Amino acid sequence: METTGRLYGVGLGPGDPELITVKAARLIGEADVIAYHAARHGRSIARSIAAPYLREGQIEELLLYPLTTETTDHPGGYQGALDDFYVACAARLAAHLDAGRTVVVLSEGDPLFYGSYMHMHKRLAHRYPTEVVPGVTSISGASAVLGRPLVERDETLTVLPGTLPGDVLAEKLRATDSAAVLKLGRTFEKVRDALAEAGRLDDAWYVERATMGAERVAPLKDVDPDGVPYFSLALLPSPAEHTFVADPPEAERQGEVVVVGLGPAGRPWLTPEAQEALAAATDLVGYGPYVDRVAPNPRQRRHRTDNRVEAERARHALEMARDGARVAVVSSGDPGVFAMASAVLEASAGFPGIPVRVVPGLTAAQAVAARAGAPLGHDYCVLSLSDLLKPWDVVADRVRAAARADLVLALYNPASRSRTWQVAAARDLLLEHRAPDTPVVIGRDVGGSEESITVTTLGTLDPAAVDMRCLLIIGSSTTRVNPDGSVYTPRRYPA
């Protein structure tokens with residue numbers, strides 16, 4: 001069991017209190033002791049950033065630097081004076097830790113990135129339970145307010161303190177893709193000269209107090225050295241940022257039509273390829289209820305149409321693609337099975353040069369079969385009972401042919417509001433070649449809120465139980481029903 005307190009080095013980010021992480025805010029509010037550094041004037045930027053998260057009654061330890069840039073008569077010189085200061089600060093915090101108090105040391109930016117906290121860390125972390133909470137660095141903050149990337153792909157980023165000799169700065173700036181030079185203040189003119197010597201001055205930006213109220217951004221070559229504060233930096237963004245990529249003129253945009261299968265129901269039935277195609281589209285085209293199944297996106301135009309205007313819908317999609325739109329034509333199930341793919345490809349002959357892709361989807365037959373078991377385990381035939389686009393005589397001949405061949409049948413469009421007799425007619429045709437006890441699966445609204453699976457027989461099939469939202473699977477002579485109600489067709493066929 002811990003008898004000492006815990007030490008936290010907490011990063012506060014570049015200055016905006018809203019850029020403090022959730023974890024940092026929680027620890028600041030819970031701490032017994034809040035410690036922070038400040039110059040001799042006593043004003044702590046770290047404390048001002050953390051102020052919204054402090055609470056009444058917390059112990060505050062102000063760690064006041066004995067000097068910043070001035071001279072000292074300390075026998076160890078400037079570094080000696082700072083070393084003694086850090087030893088004394090560590091002793092003050094250790095006294096709280098020994099008493100079992102939780103101590104949070106505030107640090108602008110990230111605690112271990114040019115942060116004052118690290119001097120406490122080196123002296124205390126091996127003696128007490130310690131955790132460092134990272135923060136947004138000043139470099140990230142500056143890049144964000146500048147609105148330019150730091151590095152891209154294989155580029156390198158070099159971080160330099162402005163206190164380096166000028167010739168060293170110039171050499172390193174010349175050799176890197178991107179750079180950030182920190183600790184400007186009195187080093188500003190030296191850094192500016194090094195950028196000029198390296199041939200990088202025209203690309204350099206000056207960012208002062210990034211994300212804070214007094215934020216300032218300017219081309220570095222235009223900045224007056226007088227009054228440049230310590231909390232500023234020079235930034236060489238990624239060379240790839242020189243020009244923002246402009247949108248091509250409307251006439252030059254390459255449009256396309258993608259015919260997308262939505263599967264039988266909601267998002268879980270949608271393939272990743274279909275999701276990608278829908279996300280990339282500028283326009284969605286399709287039968288209204290199918291378009292409605294795609295989650296709304298305000299940047300996309302939605303073109304809902306009636307179910308009986310496939311040719312007009314296809315031409316409309318191709319016309320928009322010719323004008324540069326990326327059009328997704330949506331179909332339930334698979335677009336190549338009694339759906340829009342063939343209509344779009346037929347119409348595309350009149351639109352040379354417009355690319356058309358077909359993205360497959362899970363079919364209604366597959367979905368119903370999976371819910372029932374495996375009735376499509378052997379050879380099967382897919383037929384539509386609708387006589388809107390072909391004569392009923394053709395439908396009847398194909399039902400007879402499939403029945404004679406002993407194929408399992410998946411029957412699409414078995415009924416509608418205006419077609420109520422085809423199911424009975426097809427049943428009678430099948431009974432000419434199938435036994436009355438042949439298993440039949442009625443799948444309704446599979447994947448939807450009103451999903452149901454009914455297993456019956458061909459002889460007892462009630463046409464009134466079938467509506468426009470159903471798909472029928474008629475078994476072959478080998479299709480079987482297990483005691484648990486699952487239906488399957490064996491892979492082997494009797495010799």
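Please read these numbers as outputs of a predicted model, since none were measured by experiment. Heavy atoms only: backbone and side chains are in, while hydrogens, waters and symmetry mates are out.
Between R192 and E189, at least one side-chain nitrogen of the basic residue sits less than 4.0 Å from a carboxylate oxygen of the acidic one, meeting the salt-bridge criterion.
Contact of the P111 side chain with the V105 side chain is not registered, since no non-hydrogen atoms from C-beta on lie closer than 4.5 Å. A heavy-atom distance below 4.5 Å is not found between the side chains of V103 and Y128.
Partners of Y287 by ring pair (Phe, Tyr, Trp, His ring centres under 6.0 Å), not counting sequence neighbours, listed by chain and number: Y290. Remark: H96 pairs with no residue by the ring pair (Phe, Tyr, Trp, His ring centres under 6.0 Å) rule, at least two apart or across chains.
For E276, the CD atom sits in a loose shell: 12 or fewer heavy atoms of surrounding residues, nucleotides or ligands are nearer than 6.0 Å. The local environment of NZ in K172 is sparse, with at most 12 non-hydrogen atoms from other residues, nucleotides or ligands closer than 6.0 Å. Within 6.0 Å of OH in Y230 there are 12 or fewer heavy atoms belonging to other residues, nucleotides or ligands.
Classified by interplanar angle (parallel below 30°, tilted 30° to 60°, perpendicular above 60°), the ring pair H37/F85 is perpendicular.
The only option from Q300, H316, H303 that meets the side-chain hydrogen bond (donor to acceptor under 3.5 Å, both in side chains) definition with D283 turns out to be H303.
For the residue pair S238 / E152, no side-chain donor-acceptor distance below 3.5 Å is found, with atom types taken as modelled. A donor and an acceptor atom, one from each side chain of Y65 and S116, are located under 3.5 Å apart.
No donor-acceptor distance shorter than 3.5 angstrom exists from the side chain of Y53 to the backbone of A24, with no hydrogens or angles considered. Here the side chain of Q58 pairs a donor or acceptor atom with the backbone of A31 at under 3.5 angstrom. Remark: side-chain polar atoms of R326 are not paired, donor with acceptor, to backbone N or O of V258 under 3.5 angstrom.
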